[in-house]
Amino acid sequence: GNSVTQMEGPVTLSEEAFLTINCTYTATGYPSLFWYVQYPGEGLQLLLKATKADDKGSNKGFEATYRKETTSFHLEKGSVQVSDSAVYFCALTLYNQGGKLIFGQGTELSVKP
Amino acid sequence: DAGVTQSPTHLIKTRGQQVTLRCSPISGHKSVSWYQQVLGQGPQFIFQYYEKEERGRGNFPDRFSARQFPNYSSELNVNALLLGDSALYLCASSPWDRGRGELFFGEGSRLTVL
């Protein structure tokens with residue numbers, strides 16, 4: 001079946017540190033890939049997306065590259081801020097499955113000043 | 001413009017009761033999806049509706065049902081509540097029928113079943 005696996009959290013970093021959150025997927029077909037973020041007390045928000053192999057999604061200093069050969073979509077940021085503290089979810093969708101998103105279990109990030 | 005709004009924000013029920021959760025999508029969005037997020041896990045897909053028709057159903061029992069109204073708002077109903085139904089229920093809207101995955105989420109309705 002289709003699934004998404006993320007690295008376990010919580011991840012604790014100091015401000016200005018480099019961030020990587022690993023995400024791998026299993027899918028029948030050619031999925032579109034997403035990172036969603038859930039800030040404390042807020043709803044899920046789309047952070048970035050990539051719709052085909054080798055695409056790079058980017059937003060707010062975060063980047064992720066769709067790697068078909070390794071079935072991965074790792075999230076990176078060069079210098080994290082305290083305001084980046086949140087739970088990050090990797091997700092996929094397949095065209096023939098409408099609005100259905102399949103999420104990973106989430107990775108909590110805590111950035112300390 | 002207002003985002004996706006959900007009500008109630010919090011509610012407590014006892015086992016065996018029934019609950020109705022409500023969602024108003026962003027103006028102009030015709031698709032509404034429902035997700036269940038158990039603490040510490042990622043959201044799980046329950047239903048999608050587009051133009052008042054069911055477009056998808058996740059792996060949930062028949063106790064879960066939903067509908068979409070002519071104004072595109074939606075209700076999620078859960079009958080015969082179990083302790084395991086305790087979760088954050090998320091509603092999401094989008095302008096698209098399928099394939100885009102770019103959903104706009106509300107803040108959720110937190111259901112506690114005692």
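Here is how names work: the chains are called A, B, and so on, in the same order as the sequence lines, proteins then strands, and each is numbered from 1.
For B:Tyr35, the part lying under 4.5 angstrom from a heavy atom of chain A is the side chain only. Contacts between B:Gln6 and chain A at a heavy-atom distance below 4.5 Å are absent for every atom of the residue. When heavy atoms are compared at a cutoff of 4.5 Å, B:Leu90 approaches chain A solely by way of its side chain, counted from C-beta outward. For a residue to count as touching a neighbouring chain, one of its non-hydrogen atoms must lie under 4.5 Å from one of that chain's; by this rule B:Gln41 touches chain A with the backbone only. Only the side chain of A:Gln38 comes within contact range of chain B, judged by heavy atoms closer than 4.5 Å.
Partners of A:Pro40 under the side-chain contact (heavy atoms from CB on, under 4.5 Å) rule, at least two apart in sequence or in another chain, do not exist in this structure.
The aromatic ring centroids of A:Phe103 and B:Phe45 lie 6.0 Å or more from each other.
Surrounding NZ of B:Lys52 are more than 12 heavy atoms belonging to other residues, nucleotides or ligands, all under 6.0 Å away. Residue-environment remark: CD (B:Glu54) exceeds the threshold of 12 foreign heavy atoms within 6.0 Å. Within a 6.0 Å sphere centred on CZ of B:Arg15, heavy atoms belonging to other residues, nucleotides or ligands number 12 at most. Within 6.0 Å of the CD atom in A:Glu42, the count of heavy atoms belonging to other residues, nucleotides or ligands exceeds 12. Around OH of A:Tyr30, the count of heavy atoms belonging to other residues, nucleotides or ligands within 6.0 Å does not exceed 12. Atom CG of B:Leu114 has more than 12 heavy atoms from other residues, nucleotides or ligands within 6.0 Å. At most 12 heavy atoms of other shown residues, nucleotides or ligands fall within 6.0 angstrom of atom CG in B:Asn59.
Considering CD of B:Gln44 and NZ of A:Lys100, their distance stands at 9.0 Å, rounded to 0.5 Å. Between the OG1 atom of A:Thr93 and the CG atom of B:Leu103 there is a distance of 8.0 Å, given to the nearest 0.5 Å.
Proximity of A:Leu101 to B:Pro43: side-chain heavy atoms (C-beta onward) are nowhere separated by under 4.5 Å.
Listed options A:Thr51, A:Leu44, A:Leu92 were ranked by heavy-atom pairs under 4.5 angstrom with chain B; first place goes to A:Leu44.
Closest heavy-atom contact between B:Gln37 and A:Phe89: NE2-CZ, 3.3 Å.
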Handout entry: Full working for side chain to side chain contact (heavy atoms under 4.5 Å, CB included) between B:Glu102 and A:Lys49
Key = CA-CA 8 Å; B:Glu102 297 168 49; A:Lys49 68 173 183 176; 2.2 Å; yes
